[in-house]
Each structure stands twice: as C-alpha cells, then as structure tokens.
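Let me begin by presenting the structure, written as structure tokens, before commenting on it.
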Amino acid sequence: MSTSTQRIPARMADIGGGVTVARTLPSKLKRTIGAWCFLDHAGPATFAPGAGLRVGPHPHTGLQTFTWMLEGELLHRDSLGNEQVIRPGQVNLMTAGHGIAHTEESVPGATRVHTVQLWIALPARVADMAPRFDHHPDLPRWREGGADIALLAGDWQGRRSPALVHTPLMGADVFAAEGARLSLPLDPAFEYGLMPLTGAATAQGEALVQDELLYLPPGATELALELAAGTRAILIGGEPLGEDITIWWNFVGHGKPYITEAQRDWQAGSARFGEVKGFNGPRLDAPPVPWAT
Ligand code: MN
C-alpha cells in the first residue's frame, strides 16, 4: 500500500458526438479508490443540435454505474424496461449485478453536457445479484466554509445519501461560487480521491488543475481544501476493496473466466442481458477478450 499522496493525470478520450471525456480511473497508478473503479468526466461542453452523447445498447456486469449530472439532460434506457431522464443535481444508479444492458443519449434539442460517470465494483458476495436501477433526484445538501456540498453516496458528517451501495464508501460534490477554504473530516480507514471538475483546487497543500486526481492513502482524518472562485470538485473515498477484480470493456468481475463468459454471452445475444427497447440504433459489439481462453 502506498503511504503518500499521488497525482493521477487524466487521459482524454473522444466518445463521439463532439464530446471529450477525461478519464482518471482506472489508471496504471491506481485501479480503485475504495470500490470506485472508473471515473469519466464529460464536458462541460457545447455540441451542435442533434449531436451529443449517443451510446447504443451495451452490457455491464459486476458493477454499479453512478451518473452525476451537472449540465444538460441524458435519457437512460435499460433492459429492465426503465426509461429515465436525468437532470442537473440528480443521480442515476444502475446496479448491473449478474447482467444488464442500457443506452444513454442526449435528449432532443440539448446542446450542453457536463456529467461524471463513475463505476463502483460490487464485492464478491453480491457481484452476481439481480440487476436494478434507481433514480435519485434529491440528495443531502448543505453549505460549509463557503462551499455548497452535495452528498452523492455513503454516510458523511451525519448525513446519508439515498444511493444504495454495498461497501463502505462515500462521494461528494463541492462547489465554491466565490471561493472557499474548508477542512473536511475524513475516515482514516478510507482512501480518497479529490479532483477538480472545473477550476483549480489545493488539497493537503497540493495544487491541482481541472481533471487532475489527487489520491490520498488511508490514515488521514481531515482534508484541507481550498477552492478558487467557480471551482467544482468531486471527492470519492472508501475502504480499500481488498478483492482482486478484473475490469475489461464494460465488464467487472472476479477473475478472467467470468469476464470471458460475459463477453461470449453478450456476443451470443443471451437473455442474461435482456433487450433495451426504444433505442433507434445498433447494439455495441464486445471486442474479443485480450487473453487466451
Ligand atoms: Mn454503460
């Protein structure tokens, strides 16, 4: 286990429709922070009418997709029959468990997007659970040290997010319209990541630019945070997962054979993942797994 902070730079990826994402997890430096195992930050971006996000039917296993919306609107559809528009300030939480398929697309007429998509790895004891989808329009919110805080996941400072998670973890959005300086309590059993989504921050004395993730190992009891005016940052944390997970394409699982089977099942059109109705476009193909089977 590393005992000092680490800076994790973002890799930029074009996801089509005029939208670029900054990806900081997983990285070669750090695969997970608690059970958080994927962090994609899209936008803030303006796109042409008719463009924007349009991700066709694709599967997931062994994880929860956690969508935090900041600008614009996205339509989620899944193979359980859910159809849900997510708006700024809301969370969509899709628990893949044994298998689910979904689509995500900008709503007609939209020209802005700013969103964070995170994945949470499911621990082995629930990794094969039945899939479910939850929409959370209301989250605990408060003001502290000049910042507006929304609790996205977990228990923190006597508050509790309604999002159902399966390991000890937390996530929060911190926004400082006019700049803020604050000290936030941390659980020494947790490791954490702090990343400015817009603007610049200083965390534990380290200056960070937009899309630069600072990793904090377990042991800290407080986070000294300074946010420049207009800065928004996300804080994620959790108990180190302590399980060996494989993350490949849209699948998370315990061991390569599990992922190999999921890939085969998706490509075979197995009922395991169901069918997304109402999306006008082809389903995504899973590439072959990159290991011998
Ligand atoms: Mn997805």
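The chain is numbered in sequence order, starting from 1. Here the structure is a predicted model, which is why all the values come from computation and not from measurement. Read the numbers this way: they start at 1 and go in the same order the structure lists the ligands and their atoms.
Look at Arg232 and Asp173 and you find a salt bridge, because one of the NZ, NE, NH1 or NH2 atoms lies within 4.0 Å of a carboxylate O, short of that distance.
Evaluation of the salt bridge (Lys or Arg N to Asp or Glu O under 4.0 Å) rule for Glu275 yields no partner, not counting sequence neighbours. Residues passing the salt bridge (Lys or Arg N to Asp or Glu O under 4.0 Å) test with Arg11: none are found, sequence neighbours excluded. Here His41 pairs with His114 under the ring pair (Phe, Tyr, Trp, His ring centres under 6.0 Å) rule; sequence neighbours left out.
Residues His76 and Phe133 place their aromatic rings such that the two centres sit under 6.0 Å apart.
Side-chain contact between Val252 and Leu122: absent, with no pair of heavy atoms (C-beta onward) separated by less than 4.5 Å.
Protein nitrogen, oxygen and sulfur atoms, that is N, O or S, within less than 2.8 Å of the Mn ion (ligand 1) amount to 3.
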